[in-house]
Every structure is written in C-alpha cells, then in structure tokens.
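What follows is a single structure, written as structure tokens, with notes after it.
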Protein chains: 2
Amino acid sequence: MTDQTDLRLTPQRMAVLDVLRAAHDHPTAAEVYERVRRSSPRIGSATVYRTLALLVSTGQALELNLGGGAAARYDANVGRHDHAVCEGCGRAVDLDHPVPDGMMAEIARRSGFAITGYDLQFRGICPDCQAHGAGPARLEGPARPQ
Amino acid sequence: MTDQTDLRLTPQRMAVLDVLRAAHDHPTAAEVYERVRRSSPRIGSATVYRTLALLVSTGQALELNLGGGAAARYDANVGRHDHAVCEGCGRAVDLDHPVPDGMMAEIARRSGFAITGYDLQFRGICPDCQAHGAGPARLEGPARPQ
DNA sequence: TTGTATGCAAACATTTTGCAGCGTG
DNA sequence: CACGCTGCAAAATGTTTGCATACAA
C-alpha cells in the first residue's frame, strides 16, 4: 500500500516544503497551513497534513513533540540537533550538543534495545522571558526542578 | 492566583493514583480510565482527565509524549529517569541514565536559557521485536536491525 | 492517458468545559 | 454546611479519511 510507488512533485508539496525551509520557528501543522495559504490560497488543510507526514516519512522533515497538549511541530532542519523549549513563551530553539556515543552504547547494553536514535529536549526559561519576567504560556506553575 | 486552594482526597483521586502506581506500562488517559472503571464503575472520563492533570501539576505523576499522533501517557514514577520507546510495538521502558551535569551547564551557557530540566527518550527496537521480527505499530516500515 | 494527489466536508480521536447535585473536610 | 468534586453530555481541538475531480509524469 504505502509502497514507495511513485511520488509526485506537486506545487502543493513544494509550497509546504518551501514554507518549512523558510521557517525558523518550528511551526505546527496549523501554522504551516496558514503560511502556505498565503502563496497557495486554495490548498486544503488535509493536503498540508498529508504532505507533512510524507516529508517526515521520507526524512525531509522532523516532527517534534514538545509535550503538554501541544500539537506536533515540524522542522526542516533534519540534521542531528536538540531543542530547548521555553516554559515561558513556548518557543523552541535549536541546539547542537550530541550525547556522547558511549552513552548510546551503554543504554543499548542495559536495555537490550537496538537503539536507532534519541530525542533530547531541554526545558527552561529563555533569555527574553528571564528579562520580562517569565510570561505565562502554560497554566501557571513556575516549574520546579524536581 | 497560584492559590493552592484546598485539594481534597476523594475516592476517585485515590483510585486513579492507585491504578497509576500499579501500572508499569505508561498507560494513556483512556487506559487509566478503563482500569479505574473496574474498581469505580461510576467514574467519568472527565474526572480521570482532571485527576491526571492534577497529579501532574502537583508532581505526583509525569506526562510522557511519545510522538506520532499518540495520546499522552502517564507515569507514577516521578523520579528522574528516561525512556526507551520501541518503534516496533510502541512499548516504553524506563531507563536511568542521567545526562552529565556539565552538559546542562554548557547548554545553559550557549543558549542563554535558564535550564530547569530535560526530557530524553531513546528510539529503537525492543528485544522482543528484535526476536519476532519488528511488529508493526507505525505505518509499516520493517525497521531492519542492520 | 493513468493513477496519484487534491480539496472539501464529514468522520475521528482526544481532551476540555458547563452545570446541577453530591459529599468531603 | 460550604465549597470543591463528580458525572454527564456537549464543545473544542487536532488530525484523518472518503470521494469525485484535477493534474503530473
């Protein structure tokens, strides 16, 4: 079914990929939709969802889950990198700080898993929110570092 | 505003916490609901959702986001730990393998964030799925253990 | 031409909310 | 015996699917 059949390069798919590559803010599917509409007003949201899923499954985009009830976010930067998510404003910034290789091997050994990768995201308050006083994006809770 | 008003210990809340503490499989809200019903048939799903949110916000449970379109999962093990998620069967197992302190400090320095914590989850194939051939939980991808 | 991709709208799945009555502290 | 909590059902999100048609290759 999902055979690597044909795969066509349609204007809609290009538009979605363009938007994603131009974005530096890890947009949600809804945000991608909104932006794509500016250049392709007749595109449907289903097409955006389908295209994002396609891009993810073909390795041209990453899907981020930043927790909470938040919707999935997408990132055209498919190189290895991590994220820091601001608990004040919800913004996510890219980081590149790989976990030591030995650690992956250690996890594999201890868990018996064949590890194929990992997702690492830091939580904290971004410089802006530290300055203006942490703006509330979540319910309230000044998250306590357990 | 951060009024820690009253907070009552009701049978429903105990039931939810009991289920969560007895569970070792990171159940979704729907699964918790299903299990709680066995002992409290008259409980409503809204109560389960409200209670899970309450437990999370009071630090008595963790919420996990294992990506995909998957629903949030809950964990009564609130001690610091990570997870390995099987791409075959979707199961998540606990791991305890802290990131070195120095790394947190380094991230903080480079990003300007005040880091309060992090979420780390490994992806891979669990021992069972390695044996029986990776069972399909996602779209299809016969993840090949190279 | 051929079958994939699209757009629309309805279907779905999950989580949240409104409200009247219940029951804990 | 006050006020928070509950159950029910409806509403709000976020995402997927069915189908007839448009269009890339």
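Each chain gets a letter, A, B and so on, in the order the sequences are listed, and its residues count up from 1.
Across dT15(C), dT6(C), dG14(D), the shortest atom-to-atom separation from the side chain of Tyr49(A) is found for dG14(D). Closest contact between the side chain of Ala72(B) and the listed nucleotides dG14(D), dG7(C), dT15(C) involves dT15(C).
If you take CG of Leu7(A) and C1' of dA25(D), they are 13 Å apart, rounded to a whole angstrom. The interatomic distance linking Arg73(B) (CZ) with dT15(C) (C1') rounds to 16 Å, in whole Å. If you measure from atom CZ of Arg42(A) to atom C1' of dA9(C), you get 14 Å, rounded to the nearest angstrom. Taking atom CZ of residue Arg13(B) and atom C1' of nucleotide dT6(D), one finds them 10 Å apart after rounding to whole Å. Distance Asn65(B) CG to dT15(D) P: 12 Å, rounded to the nearest Å. A straight line from CG of Leu52(B) to C1' of dT15(C) spans 11 Å, rounded to a whole angstrom.
One finds a salt bridge joining Arg109(A) and Glu106(A) here, because a Lys/Arg side-chain nitrogen approaches an Asp/Glu carboxylate oxygen to under 4.0 Å. Under the 4.0 Å criterion applied to side-chain N and carboxylate O atoms, Asp25(A) and Arg91(A) are not assigned as salt-bridge partners.
A donor-acceptor contact under 3.5 Å links the side chain of Arg50(B) to the base of dG7(D).
Taking CD of Glu34(B) as the start and OG of Ser45(B) as the end, the distance is 12.5 Å to the nearest 0.5 Å.
In terms of phosphate contacts, Gln12(B) brings no side-chain nitrogen or oxygen within less than 4.0 Å of OP1 or OP2 of dG23(C).
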Considering only nitrogen or oxygen atoms on both sides, find all protein atoms under 3.5 Å from nucleotides 20-24 of chain D and state each distance.
| residue | atom | partner | partner atom | Å |
| --- | --- | --- | --- | --- |
| dA24(D) | N3 | Arg8(A) | NH1 | 3.4 |

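Other residues, nucleotides and ligands place more than 12 heavy atoms under 6.0 Å from the CZ atom of Arg80(A). Counting heavy-atom neighbours within 6.0 Å of Arg110(B) CZ, excluding the residue itself, gives a total above 12.
Within residues 25-40 of chain A, no residue has any heavy atom closer than 4.0 Å to DNA chain C.
Screening residues 78-98 of chain A for ring pair (Phe, Tyr, Trp, His ring centres under 6.0 Å) gives His26(A)-His83(A), His81(A)-His83(A) as the qualifying pairs, with residues at least two apart or on separate chains.
Side chains of Phe122(B) and Met104(A) form a contact here, defined as non-hydrogen atoms less than 4.5 Å apart.
Side chains of Tyr118(B) and Gln121(A): no donor on one and acceptor on the other come within 3.5 Å. Judged by distance alone, the side chains of Glu87(B) and Thr116(A) do bring a donor and an acceptor atom under 3.5 Å apart.
Each of Ser45(B) and Ala46(A) lies near DNA chain C, and the nucleotide nearest Ala46(A) is the one positioned closer to the 5' end.
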